[in-house]
Amino acid sequence: YTHDKGKYILSLFIFALISEIPYDFLFYGKPFYADCQNVIWTLGVASLTCVAIDYFHRKPLIAIVITFITIFLSELAGLEYGIIGVPVIVAFYYFRNKRWKQLLVSAILFCVFTMLYYLHNFGKNGFTIFGTLADSHYWYLVTLEFCGLAVWPLLFLYNGKKGKNINKWFFYLFYPGHILFLLILSLIIF
C-alpha cells in the first residue's frame with residue numbers, strides 16, 4: 001500500500017544501514033560484524049523481490065529464478081532470517097488476496113526452511129543428519145522458531161484495511177530505536 005515502491009525500498013535500506021551499527025554492537029559486541037545483518041535488510045531484499053515478481057508477472061519462470069537468487073544471496077550475505085524470511089515474505093505477497101493459501105504456504109515454507117536452516121548449521125559444525133535430528137538443542141531451536149507461527153491466527157484476522165493513523169516515521173524509527181535502547185540498557189546492566 002505504498003505510492004512509491006522505489007522510495008519505500010530506499011527507506012528500508014537507509015534504516016537497515018542506520019540500524020546495523022547498534023545491531024552489531026548489541027548482538028556481536030563490535031561496530032561491524034560481516035556474518036549477520038539486521039532483519040530490515042531482509043525486508044528490503046524481499047521487497048525488491050516482490051517488485052521483480054510484479055515486473056515479470058507474465059514470465060513466471062524468471063520470477064521464480066529471481067526469487068531463488070535473492071534467497072541464495074540473502075543467505076550468502078548473512079541477512080537475518082534470509083533463507084527463511086525472503087520466501088515467507090514473498091509467499092505473503094504472492095498470495096496476498098488468498099488468505100488461506102497465504103497462511104498455509106508461508107507456514108509450510110517457514111517450517112521447512114527453519115528445519116533445513118538449522119540442519120545445515122549443525123552440519124557445518126560437524127554433526128551428521130542423524131546426529132542433528134537426535135540433538136535436543138536442534139529441536140529447541142526449531143521449536144523456538146516455530147513459536148513464530150503463533151502470529152499466523154492474528155494475521156488471518158487482519159481485514160486488509162489501514163489501522164489508526166500513526167506517523168510512518170514512528171515505524172521506521174522503532175527498530176533502530178529499540179535496538180539502541182537495548183544496547184544502552186545492556187551496557188548499563190553489564
Side-chain angles (χ1 to χ4, degrees), residues 8-50 67-93 106-107 109-127 129 131-133 135-152 154-155 166-190:
Y8 172 73
I9 292 169
L10 179 63
S11 296
L12 282 174
F13 285 127
I14 288 170
F15 279 92
L17 193 60
I18 290 168
S19 302
E20 194 60 35
I21 291 174
Y23 174 86
D24 288 345
F25 263 122
L26 179 64
F27 290 103
Y28 304 104
K30 47 181 129 179
F32 180 72
Y33 183 73
D35 292 343
C36 190
Q37 312 329 309
N38 71 71
V39 74
I40 300 180
W41 292 106
T42 308
L43 294 172
V45 169
S47 296
L48 274 174
T49 306
C50 292
T67 302
F68 277 103
I69 288 171
T70 57
I71 291 168
F72 174 75
L73 292 176
S74 295
E75 184 61 23
L76 194 65
L79 302 189
E80 187 85 45
Y81 293 102
I83 200 164
I84 301 166
V86 171
V88 169
I89 292 168
V90 168
F92 265 89
Y93 181 72
S106 62
L109 285 171
F110 182 81
C111 292
V112 169
F113 275 97
T114 295
M115 292 179 73
L116 291 175
Y117 175 76
Y118 285 115
L119 197 61
H120 170 72
N121 280 346
F122 274 68
K124 284 193 316 190
N125 292 325
F127 282 71
I129 291 175
T132 300
L133 294 174
D135 188 87
S136 62
H137 187 63
Y138 168 79
W139 289 107
Y140 164 76
L141 293 170
V142 168
T143 304
L144 186 66
E145 293 293 345
F146 283 0
C147 289
L149 294 175
V151 77
W152 264 250
L154 296 173
L155 293 171
I166 299 172
N167 188 312
K168 71 177 182 180
W169 292 106
F170 169 79
F171 294 104
Y172 280 119
L173 294 172
F174 179 81
Y175 185 78
H178 98 282
I179 293 290
L180 190 57
F181 172 76
L182 291 172
L183 173 62
I184 292 167
L185 188 62
S186 71
L187 291 173
I188 291 169
I189 292 173
F190 301 109

Quiz item: Will you find, in the side chains of Thr49 and Thr70, an N or O donor that is under 3.5 Å from an N or O acceptor?
Solution: yes
Self-check item: Glu80 and Asn38 side chains, donor-acceptor separation under 3.5 Å
Solution: no
Drop me the distance from [X]'s [atom1] to [Y]'s [atom2], to the nearest 0.5 angstrom.
X: Phe13; Y: Ile18; atom1: CZ; atom2: CD1; value: 14.0 Å
X: Ser47; Y: Leu10; atom1: OG; atom2: CG; value: 12.0 Å
X: Leu116; Y: Ile84; atom1: CG; atom2: CD1; value: 9.5 Å
X: Leu109; Y: Thr114; atom1: CG; atom2: OG1; value: 10.0 Å
X: Ser19; Y: Ile14; atom1: OG; atom2: CD1; value: 11.5 Å
X: Trp169; Y: Asn167; atom1: CH2; atom2: CG; value: 8.5 Å

Work out which heavy atom in [X] is nearest to a heavy atom in [Y]; give both atom names and the distance.
X: Met115; Y: Trp139; answer: CE-CH2, 3.6 Å
X: Ser106; Y: Val88; answer: O-CG2, 3.8 Å
X: Ile179; Y: Pro22; answer: CG2-C, 3.5 Å
X: Asp24; Y: Pro31; answer: OD2-O, 3.6 Å
X: Ile9; Y: Gly44; answer: CG2-O, 4.3 Å

Over 12 non-hydrogen atoms of neighbours within 6.0 angstrom of [atom1] in [X]:
X: Phe15; atom1: CZ; answer: yes
X: Phe72; atom1: CZ; answer: no
X: Leu154; atom1: CG; answer: yes
X: Tyr8; atom1: OH; answer: no

In the structure I gave you, are the side-chain heavy atoms of [X] and [Y] within less than 4.5 Å of one another anywhere?
X: Trp41; Y: Glu20; answer: yes
X: Phe127; Y: Tyr138; answer: no
X: Tyr23; Y: Tyr33; answer: no
X: Leu141; Y: Phe122; answer: yes
X: Leu79; Y: Val45; answer: yes
X: Tyr93; Y: Ile89; answer: no
X: Ser186; Y: Leu26; answer: yes
X: Ser11; Y: Tyr172; answer: yes

Quiz prompt | Whether His178 and Phe174 hold their rings parallel, tilted or perpendicular, with breakpoints at 30° and 60° | solution = parallel
